[in-house]
Amino acid sequence: MNKLHVITLLTDFGYQDVYVGTMKGILAQIAPHATPIDLTHQISPQDLWAAQFNLGNAYHYFPTNTIHLVVVDPGVGTSRRAIALHTNAGYFVAPDNGVLTPVLQQETLYQAVTLDRSDYWLTPKPSTTFHGQDIFAPIAAHLANGVTMTQLGSPIPVESLVQLPLPRPQVTSEKIVGTVQYIDHFGNCITNIAAEQLTGQAWAIQLDDQTVSIGQTYGDRAPGAMVALIGSHGWLEIALNRGNAQAQLQWRVGKLVTIVKTATT
Amino acid sequence: MNKLHVITLLTDFGYQDVYVGTMKGILAQIAPHATPIDLTHQISPQDLWAAQFNLGNAYHYFPTNTIHLVVVDPGVGTSRRAIALHTNAGYFVAPDNGVLTPVLQQETLYQAVTLDRSDYWLTPKPSTTFHGQDIFAPIAAHLANGVTMTQLGSPIPVESLVQLPLPRPQVTSEKIVGTVQYIDHFGNCITNIAAEQLTGQAWAIQLDDQTVSIGQTYGDRAPGAMVALIGSHGWLEIALNRGNAQAQLQWRVGKLVTIVKTATT
Amino acid sequence: MNKLHVITLLTDFGYQDVYVGTMKGILAQIAPHATPIDLTHQISPQDLWAAQFNLGNAYHYFPTNTIHLVVVDPGVGTSRRAIALHTNAGYFVAPDNGVLTPVLQQETLYQAVTLDRSDYWLTPKPSTTFHGQDIFAPIAAHLANGVTMTQLGSPIPVESLVQLPLPRPQVTSEKIVGTVQYIDHFGNCITNIAAEQLTGQAWAIQLDDQTVSIGQTYGDRAPGAMVALIGSHGWLEIALNRGNAQAQLQWRVGKLVTIVKTATT
């Protein structure tokens, strides 16, 4: 069987407890050859939007034979399905709650299964509270060992998979109204307006007390000045050069952001 | 010599500084074949109770030839001993301050040594402030290389090892009075009442303004409702479905928790 | 080509986002044999002083064929150079902004290059906001694969490298006036006064309401008492035994600290 060597982990478990460590122990037991790599464990508890944003910006930097293990699972213990996907961009193991939406929207799906074969779980009677430990980590480890998708679960149609599509910005002839979809550690406020929507035209964003043209990098403006730019993830973001835009603007996820055309470039 | 491949780390060093990184550098120098796995580094400074709770819930998910390196060490630089244990559940390297109590209570001890052989330390004159770097990490690395317990230290009797046993709940014919022993990242309040104490009987817990029957999973109640259940660790915990019980109840570790019988199941 | 096996990462990216995970994905793609080890990612945003303090206290615990990847980069997207150093203590990849000052001051430099060969970047047109992903991580991975320094960039003279030397304490016949250069996770206030400056003499530090002699370890004084000692890093630090000195003293980085001679030892 063909072994896989990298398993990423993205959860809302935080760093205080041993929940992540426990999952890595299970990986070390079942698939000792595999290397776990943390994407993040500081997703706000049960925040599927933040989880899919972070996953969507990370997985394509990994080898395409990577297994991505995603456990943000507000429905643990209910009838929500546990699933695994095989795509052109790698394998994904997660609850079927929409957290894999970026993968479903952007990648070619080879196969989807519902994880109903308890032989590959840690125990045939999993806890009702921690499927990361009892189902998802063991499944990822068995995948790494070369167990096939159809050994791990029954095929399911792609149409049945839960999706949480990002709200689209409203576009008119003179402006685009989007929202803040994520605020990162630096306080950068990242919108749902994509770089592609801004081509062929100069744009500016109206903040409370100033208009900021959409520029190129933090260093384009003085320290302490607001900057609007396309981040490395491809979305329009509002940042404060050498500072924290969120702390100054007091914005939250969901805040409406309006940009207007200024001149043809 | 028989090499060991996994070394876990559990400390109160936090993630801000390079104390953990320094220990991993020493592991990489002495035992480059070994893989370090973080359990957690966010134990509250010097909190031996949180350390033993987290250790006790994690080590048994790892291969039994794992080395568990535990550095929560309020007595560093005093005469407290540095010890290593070899048990049926793996190796443990730690200060002798009670942090290994769950291991001593639940596992078969093959050998205990006090780490008095400075040949295996980073330096024969260790600092008085950071034995994680100067003693514990090098010892774990030498263990990983196959150095034997008795090369690393002098055997000591199990009776001499410091223990910090968890206070037991008070059990009467109609109720059990326990305490909160740990509050996790999600705000789940975990008591010292074990699943075994609840069998054969239905129970409920009296909170400030409501009685909550001890149920099965978060999804059994509506979002925002209190839930009392047996967590994946085997202890009774009080949680808020899709919320933070600690933030709502304002409980702290040590809070008394009373549960009462409601009917025979 | 001679492969290198350990790559450390030190950034101000925090643990909330996937910026670090993305860099590790690139390392896994280009240099799958290499092991990434986190030094810390909780440097305060753009804090070059904290970054160099932490780097300076960690790198010499690693094998001398380690690659240290440092991305604290307030000037990203401007004309500041990206550099790599080969020294007797290992390889360093970082922006040329002074963050490598401890290495330049303490180690033998074999070669310095400016990273101007875009063939070894992730993309010939890097983003203006995230060179950790687009330049620094790929360069570190290629170094790990045995690509030579001069393949990665053009040699530059050591004199051209930016340095941020630590301010030196003022020394008079009776006292030394230093400053707090770093405050760690435990609240220990670490000064810029080195152990070597205290030899041959007994010293004390004057705090608001007490004089504390410079002692040996936390356990020398009662729990809750202030302690002044030489930390494992070699600097004079002020700590609170089993407590948090920063929280009690309300000191910040830059606080002046005066120590006075008390008697010849």
Side-chain angles (χ1 to χ4, degrees), chain B residues 5 7 9 11-38 40-48 71-80 95 97 122-123 125-138 141 185, chain C residues 5-10 12 14-15 35-44 47 50-51 53-66 68 90 182-188 190 195 215-221 223 227 229-234 237 239-244 247:
Chain B
H5 289 272
I7 301 174
L9 297 94
T11 76
D12 60 354
F13 295 166
Y15 292 89
Q16 175 197 322
D17 311 306
V18 287
Y19 300 129
V20 173
T22 296
M23 291 174 65
K24 291 184 183 171
I26 293 165
L27 299 179
Q29 285 222 40
I30 301 175
H33 72 282
T35 300
I37 294 184
D38 299 311
T40 177
H41 302 293
Q42 274 189 352
I43 301 295
S44 293
Q46 290 106 32
D47 187 342
L48 296 173
V71 191
V72 180
D73 194 11
V76 62
T78 69
S79 60
R80 72 97 189 86
N97 59 17
L122 192 66
T123 161
K125 291 195 173 179
S127 74
T128 54
T129 56
F130 191 10
H131 287 185
Q133 167 188 286
D134 295 337
I135 298 177
F136 296 114
H185 160 73
Chain C
H5 289 272
V6 177
I7 302 173
T8 78
L9 296 95
L10 186 154
D12 60 353
Y15 293 89
T35 300
I37 294 183
D38 298 311
L39 291 185
T40 177
H41 302 292
Q42 274 190 351
I43 300 296
S44 293
D47 187 342
F53 175 82
N54 278 291
L55 177 68
N57 284 304
Y59 71 79
H60 46 90
Y61 291 101
F62 282 81
T64 55
N65 60 351
T66 297
H68 299 282
Y182 185 72
I183 298 173
D184 76 7
H185 160 74
F186 293 101
N188 299 329
I190 299 162
Q216 301 231 312
T217 190
Y218 306 123
D220 282 0
R221 301 202 66 192
V227 191
L229 49 75
I230 301 298
S232 59
H233 34 62
E237 72 178 48
L240 189 68
N241 190 21
R242 306 203 184 193
N244 186 307

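The sequence lines fix the lettering, A, B, ..., with proteins before strands; numbering per chain opens at 1.
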Trainee: Sort B/Gln29 into side chain, backbone, both or neither according to what part of it lies under 4.5 angstrom from a heavy atom of chain C.
Mentor: both

Trainee: Between C/Ser232 and B/Gln133, which heavy-atom pair has the shortest distance, and what is it?
Mentor: CB-NE2, 4.1 Å

Trainee: Given a strict heavy-atom distance threshold of 4.5 Å, which part of C/Leu9 is in contact with chain B: side chain, backbone, both, or neither?
Mentor: neither

Trainee: Name the option with the most non-hydrogen atom pairs under 4.5 Å to chain C; the candidates are B/Ser127, B/Gly21, B/Pro45.
Mentor: B/Gly21

Trainee: CD/B/Gln46 to CG/C/Asn241 distance, rounded to the nearest 0.5 angstrom?
Mentor: 8.0 Å

Trainee: Select one option (side chain, backbone, both, neither) describing which atoms of C/Tyr182 are under 4.5 Å from chain B's heavy atoms.
Mentor: side chain

Trainee: Checking C/Leu39 against chain B: side chain, backbone, both or neither under 4.5 Å from a heavy atom?
Mentor: both

Trainee: Counting only heavy atoms closer than 4.5 Å, note whether B/Gln16 contacts chain C via side chain, backbone, both or neither.
Mentor: both

Trainee: With chain B, which of C/Gln42, C/His185, C/His60, C/His233 has the greatest number of heavy-atom pairs at distances under 4.5 Å?
Mentor: C/His185

Trainee: Show the numbers, then the answer: is there a side chain to side chain donor-acceptor pair (under 3.5 Å) between B/Tyr15 and C/Asp38?
Mentor: CA-CA 9 Å; B/Tyr15 292 89; C/Asp38 298 311; over 6 Å; no

Trainee: Measure up the C/Phe186 and B/Tyr19 rings against each other and bin them: parallel (under 30°), tilted (30 to 60°), perpendicular (over 60°).
Mentor: tilted

Trainee: Given a strict heavy-atom distance threshold of 4.5 Å, which part of B/Leu122 is in contact with chain C: side chain, backbone, both, or neither?
Mentor: side chain

Trainee: Do you know the tightest heavy-atom contact between C/Val6 and B/Ala28?
Mentor: CG2-CB, 4.4 Å

Trainee: Just to verify, which of C/Asp184, C/Asn57, C/Ile43 counts as forming a side chain to side chain contact (heavy atoms under 4.5 Å, CB included) with B/Asp17?
Mentor: C/Asp184

Trainee: If we only count heavy atoms from C-beta on, is the B/Pro32 to C/His5 side-chain gap below 4.5 Å?
Mentor: no

Trainee: What heavy-atom pair brings B/Val18 and C/Thr40 nearest, and what distance separates the two atoms?
Mentor: CG1-CG2, 4.1 Å

Trainee: Out of curiosity, B/Ile26 CD1 to C/Phe62 CZ, how far, rounded to the nearest 0.5 Å?
Mentor: 8.5 Å

